[in-house]
Amino acid sequence: MPDRRIQLRRILAGAAIVVAASVLSACVGIPASGPVVEGPTIDKEVGRPNVYLPEGPVNGADQEQILRGFISAFVGPQNDYKVARQFLTTEFSGKWEPRSSVLVRSGGFSFTSIGENTMTYSFKARAAIDATGSYSESPTPLPQSLTFTFAKEGNQWRISEAPNGIVLSDGAFPNVFGPQTLYFLDPSLQHLVPDLRWFPSGTAPTRIVNALLAGPPPWLQKGAVTSVFPDGTQLTSPKVVLVNSGVARIDLSSEALAAKGRERQLMKLQLTASLSGLASVRSIDITAEGSPYPISDSEDGLPVLQRDVDGRAVVSREGQFGYYANGKVTPIDQLSSGVLSASPTAATVDVNRQAAAVLGSGGVYAVRPGSQKAQLIDDRPGLIPPTLDGFGYVWSVPADNPGAIRVFGPDAAPHDIAPTLPKDARVVSFDVSRDGARIVVLLQTDDGPRVIVSAIIRDPDQRWLPTTLGSPTLDVVGDPGTAIDATWLDELSVATLTSADGITVVTRYEVGGMRSSMGRPGDGIRIVGGNDSDNLRVLSTDHVIQVPRGSSWSSTEVKVDFIATQH
């Protein structure tokens, strides 16, 4: 897949913008629950073909063989799960809704007859995907038992009743479903906020646009993000997005006419960003009810994808603080002296190099623009390294009190927020995403390291003051061991540093996706992200910077006091 920012710039540069007005048609945004109704089959799917080609039922198969075949056919979404429907009775075939949900099975399974014509399929599910493509993972796999009823049809067993949705093994799921990123907006309309979705491989643009028009998922609602499409906006009949010669043609319903100049620019930005993951789309053509839909070409002041930080590490070394390169620390103007004044042991620096949040000798400090000296803002005992968001708030919390997160604005006034973190856990680290809409929290629990990602709810009437954390979209207990640190790896992933039995491990968690191992660095005490996995750094117990080299880790032999996080 091409670099998303390059692809987005290419689409924006080549976008053909035309469009305009008429009447309404029924809403086709994908609902939060229930079946998904697709458009006509003229919507050709693009992308890589499905890996699996399942087989249909064989004559004389018994009930268990039919059920096994039906479940095995879930790997073939081609033609609306045509092969899987062959295992169903004629009457039930058209009623079954495979796209209402996906359960991702972990480990083994079993079939049990509970009557003459009824069987159960039992397994443990570690994740679920809803009708909109949103992925959620359980802290521990949950037992599931699905019931199926059978009937004879033409002297052959067929399934006459079955739950909607499908089940895939954790090995098959990433081969059958692929990730697509939708983009919403933070409430201040300054940042694009990504939301990962999963659709059958070869996903058509129609699914992406429908999901975008349906609005943010529940975990990002209630003040975390917004979408500028006027209420009720949908695709018009035939309710599809066609791609011809690289141009995605998007015909919106008349509700879109309510949007004015700036809103239309933001609508275009959301659509182009969300479609930028498809190599087949080079530009977009927006219309409304088949008529021109004027949108200004100006891109001044539009929200951006994740802001890049400097590729150099920001470090404290030998009494200096700044960017490290070629054996030299280059101070950051208007900032380094303020950070050093706090006798720092950890710090987060904003992307504009104007402010910093510092853990120092007396607690948590703030370094504000134009200040040459850090200001002590939180002197509570047992504080962990603070984090900083793009709205100028410093976040602070004592390790042993997860419910005591406090934020400090430019005036240094404290504001308590109301997280729903477990009280019996210890906070090891926390880090706000650069878009300011999400936070990752790493906890130490009796069961092992626990990583949580939640939305940040803000008050627009109080300078976007954080007020609480939303329900987690990621809440996973890792393998038994010790939690050390966590960081944002890129706009859609976080990385944790944990240890068990003397082995230090870096694990990547997609927000709205799966986890994967990133190898075993030497003993580490801190992990710091950058723009992508290539900029990831781990500080060893002897304070030497380690960096990833393919599937392994390598020492840079550069010794520092600490590495700062860049926001």
Hits for ring pair (Phe, Tyr, Trp, His ring centres under 6.0 Å) against Phe430, two or more places apart or cross-chain, chain-then-number order -> none
Side chain to side chain contact (heavy atoms under 4.5 Å, CB included) filter on Asp416, not counting sequence neighbours, yields Arg406
Arg438 bridged to Asp195 by N-O distance under 4.0 Å: no
Heavy-atom nearest pair, Glu137 first then Val476, reads OE2-CG2, 3.8 Å
### Message
For Asp378 and Ser396: C-alpha separation, side-chain torsions, deciding distance, then whether side chain to side chain donor-acceptor pair (under 3.5 Å) applies.
### Response
CA-CA 7 Å; Asp378 192 354; Ser396 181; 2.8 Å; yes
Notebook entry, point to check: Quick check: does any side chain N or O of Thr206 sit under 3.5 Å from a backbone N or O of Val241, one acting as donor and the other as acceptor?
Noted result: yes
Extract all donor-acceptor atom pairs below 3.5 Å that involve side chains of residues 460-470 and protein atoms in other chains or at least two apart in sequence.
unit_1: Gln462; atom_1: NE2; unit_2: Asp459; atom_2: OD2; d: 2.9
unit_1: Thr467; atom_1: OG1; unit_2: Ile457; atom_2: O; d: 3.1
unit_1: Thr468; atom_1: OG1; unit_2: Ala418; atom_2: O; d: 2.6

- Are the charged groups of Asp310 and Arg353 less than 4.0 angstrom apart, N to O? no
Worksheet item: So, Trp198 side chain and Tyr135 main chain: donor-acceptor pair closer than 3.5 Å or not?
Response: no
**Prompt:** So, the side chain of Arg450 versus the backbone of Leu443: is there a donor-acceptor pair under 3.5 Å, distance only?
**Reply:** no
Practice problem: Tell me, with the steps shown, if Asp170 and Arg126 meet salt bridge (charged side-chain N to carboxylate O under 4.0 Å, His left out). | Solution: CA-CA 8 Å; Asp170 48 13; Arg126 67 170 182 82; 3.8 Å; yes
(request) For Arg434 and Glu491, run salt bridge (charged side-chain N to carboxylate O under 4.0 Å, His left out): C-alpha distance rounded to whole Å, both residues' side-chain angles, the deciding distance at 0.1 Å, then the answer. (result) CA-CA 8 Å; Arg434 280 179 222 159; Glu491 65 170 2; over 6 Å; no
### Query
Within the side chain of Arg264, is there an N or O that forms a donor-acceptor pair under 3.5 Å with the backbone of Ser296?
no
